[in-house]
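This one's a predicted model, so the numbers in the text were calculated from it and none came from an experiment.
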Amino acid sequence: VDWYVVTGGMQDFNYLVQQLYGDHRGALLYRRNQVKKRLQGEWDNNKESLISFLERAKSAVRGIVTDENGNPVEDATIQVSDRSKDVTTTDRGEYWRVLVPGKYRMKAVKGDTQSEEVEVDISDTDTEGPTVNFVLNREYATITTTTTTTEEPEKDGIAVQLPLG
């Protein structure tokens, strides 16, 4: 295995700030006093990217998820088409989702209910992101596909065919 150094990566800053002492990727274990000594350096390494992220957060899609009665919904999941990272709502039903410019389909889901799916257009020229509120008022439908075949299953091993004659 070849090891390589990533200086200023978010994992460095996150592990130091949260005082986690290692992870499943094999990072070195840190002692508490080493964390304190390295924290300023990690802040210096990550400050510009964090500020850039905070500036971009102003253009995030934001909104509130409510039920049919207008009550905020805590822990609803905001799903964005073609994105594997979902976000969940706060106890007041609020959410924020930073997206790069483009067109997306979004919806909110909690348990067996979901909102209507809406199209959202994110532009890099907008200084403030769109507000998209969701109402959970539809039954959450999942599609299950079952395939049946009458063909004989393949057998393990190698099929050998003898030449004709």
Treating [X] as the side-chain partner and [Y] as the backbone partner, does any N or O pair qualify as donor plus acceptor under 3.5 Å?
X	Y	value
Asp86	Thr77	no
Arg62	Ala60	yes
Thr88	Ala76	no
Thr131	Gly63	no
Asn71	Asp67	no

Subject >> Cationic N near anionic O, under 4.0 Å, Arg138 to Glu117 >> reply: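 Not counted as a salt bridge, because no side-chain N and carboxylate O are separated by less than 4.0 Å.
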Rounded to the nearest 0.5 Å, what's the gap from [atom1] on [X] to [atom2] on [Y]? Could you check?
X	Y	atom1	atom2	result
Glu94	Thr89	CD	OG1	9.0 Å
Asn69	Asn137	CG	CG	11.0 Å
Lys47	Gln40	NZ	CD	8.0 Å
Thr90	Glu74	OG1	CD	7.5 Å
Ser115	Gln79	OG	CD	9.0 Å
Ile122	Arg97	CD1	CZ	10.0 Å

Side chains of [X] and [Y]: closer than 4.5 Å at any heavy-atom pair?
X	Y	value
Trp96	Val87	no
Val61	Tyr104	no
Met106	Glu119	no
Ile78	Val65	yes
Lys110	Asp75	yes

So which atom in [X] and which in [Y] form the shortest heavy-atom distance, rounded to 0.1 Å?
X	Y	result
Gln114	Glu139	NE2-O, 4.0 Å
Asp121	Gly102	OD1-O, 3.4 Å
Gly93	Pro72	N-CB, 3.9 Å
Ala108	Leu136	O-CD2, 3.4 Å

Hydrophobic cluster membership, with links at side-chain heavy-atom distances under 4.5 Å among I/L/V/M/F/W/Y: are [X] and [Y] in one?
X	Y	answer
Val80	Val109	no
Tyr95	Val100	yes
Phe134	Val73	yes

